[in-house]
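Everything below concerns the one structure shown next.
Every chain is numbered from 1 and lettered A, B, ... according to where its sequence line falls, protein lines coming before strand lines.
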Amino acid sequence: MKFTRRNTMLMAFGATAAAMLPARAMASVEDIVAAFTGGADVGSEGLTLTAPEIAENGNTVPIEVSAPGAVSIMVLATGNPTPGAATFNFGPLAGSQAASTRIRLAGTQDVMAIAKMADGSFVQVTQEVKVTIGGCGG
Amino acid sequence: MADNVKPKVRVPKTATAGEAFTIKTLISHPMESGQRKDGDGNVIPRSIINRFTCDFEGENVIDMTMEPAISTNPYVEFEAMVPANGTMTFTWYDDDGSVYTETKDIEVS
């Protein structure tokens, strides 16, 4: 292969784009987490995230979060084009600080849940879900 | 406005004061994520329900923010606790400004 100026440019651009894509996705997850926690320390006890290990269809993946004493719980699909999935805010009449719903996953990835406790501390858990068919229209 | 949006809520008719009971909600909605493209390669604009709330006589039970990663026909299951007889109000807020509501009466024994 001959290294013309055009080829070199294209290769450089391709490499940059490939390097930027995952970095950008990760950055936005971090941004969302930082916006939610305000940069506070995050623990790992007291929050349960129930998700299937293998989801055949990424279009509807049932998940359940439970954190006794939480004010709100945020769920993130870290590998999706838009990582945010849902935020549950529990009111005074909530019977328990738990909820379940169904989310879309673009592919095999980590699902993350972060709970804000009543005392202002934060708890985070992550679980990997393997997806055989993606759920973002790709 | 999305067509045929129909909320479905399952709440027990009677409850015991101070005891938690499960509520299941489902609303038919396409939840267009804004990521998909149509046959000509144009992006189909995002159209989702972005917020769901459940209140009992003005007091909040749950307030949920929904993002495009929520599946078609959003299903939410959670628990509530009520002190007396009253009405539960369920509200869904659509991206296009529409608001869908459903109410259920609960008797406390």
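The CD1 atom of B:Ile62 sits 9.5 Å away from the CD atom of A:Gln97 when rounded to the nearest 0.5 Å. How far CG of A:Asn80 is from CD of B:Gln35: 8.0 Å, rounded to the nearest 0.5 Å. Between atom CE of residue B:Met64 and atom OG of residue A:Ser72 there is a gap of 12.5 Å, rounded to the nearest 0.5 Å.
Looking at A:Ala85, the atoms closer than 4.5 Å to chain B (heavy atoms on both sides) sit in the backbone and in the side chain alike. Within the 4.5 angstrom heavy-atom criterion, atoms from both the backbone and the side chain of B:Thr72 approach chain A.
Here the closest heavy-atom approach between residue B:Asn60 and residue A:Phe90 is recorded as OD1-C, 4.4 Å. Closest heavy-atom contact between A:Thr60 and B:Ser71: CA-OG, 3.4 Å.
Linking Ile, Leu, Val, Met, Phe, Trp and Tyr whenever their side-chain heavy atoms come within less than 4.5 Å puts B:Phe21 and B:Phe90 in one cluster. Residues B:Val61 and B:Leu26 do not share a hydrophobic cluster, defined by chaining ILVMFWY side chains whose heavy atoms lie under 4.5 Å apart. When the side chains of ILVMFWY residues are joined at heavy-atom separations under 4.5 Å, either directly or via intervening members, A:Met117 and B:Phe78 end up in a single hydrophobic cluster. Clustering ILVMFWY residues whenever any of their side-chain heavy atoms sit less than 4.5 angstrom apart, transitively, puts B:Met66 in the very cluster that holds B:Val5. Under the 4.5 Å side-chain heavy-atom criterion for grouping Ile, Leu, Val, Met, Phe, Trp and Tyr, A:Val29 is connected to A:Phe122 within one hydrophobic cluster.
Highest contact tally toward chain A, considering only B:Pro83, B:Ala20, B:Cys54, B:Pro68, is held by B:Pro68 [criterion: heavy-atom pairs under 4.5 Å]. Most heavy-atom pairs under 4.5 Å with chain B, from the set A:Asn89, A:Thr101, A:Ile103: that is A:Asn89. Of the listed residues (A:Ala86, A:Ser100, A:Ala94, A:Ala99), the greatest number of heavy-atom pairs within a distance under 4.5 Å of chain B belongs to A:Ser100.
Counting heavy atoms from C-beta outward, B:Met31 and A:Arg104 have side chains that approach closer than 4.5 Å. By the 4.5 Å heavy-atom criterion applied to side chains, B:Met81 and A:Leu93 are not counted as neighbours. For the pair A:Thr87 and B:Asp63, the minimum side-chain heavy-atom distance is 4.5 Å or more.
The local environment of CG in A:Asp119 is crowded, with over 12 non-hydrogen atoms from other residues, nucleotides or ligands closer than 6.0 Å. Annotation: B:Glu107, atom CD; neighbour count of heavy atoms from other residues, nucleotides and ligands within 6.0 Å does not exceed 12.
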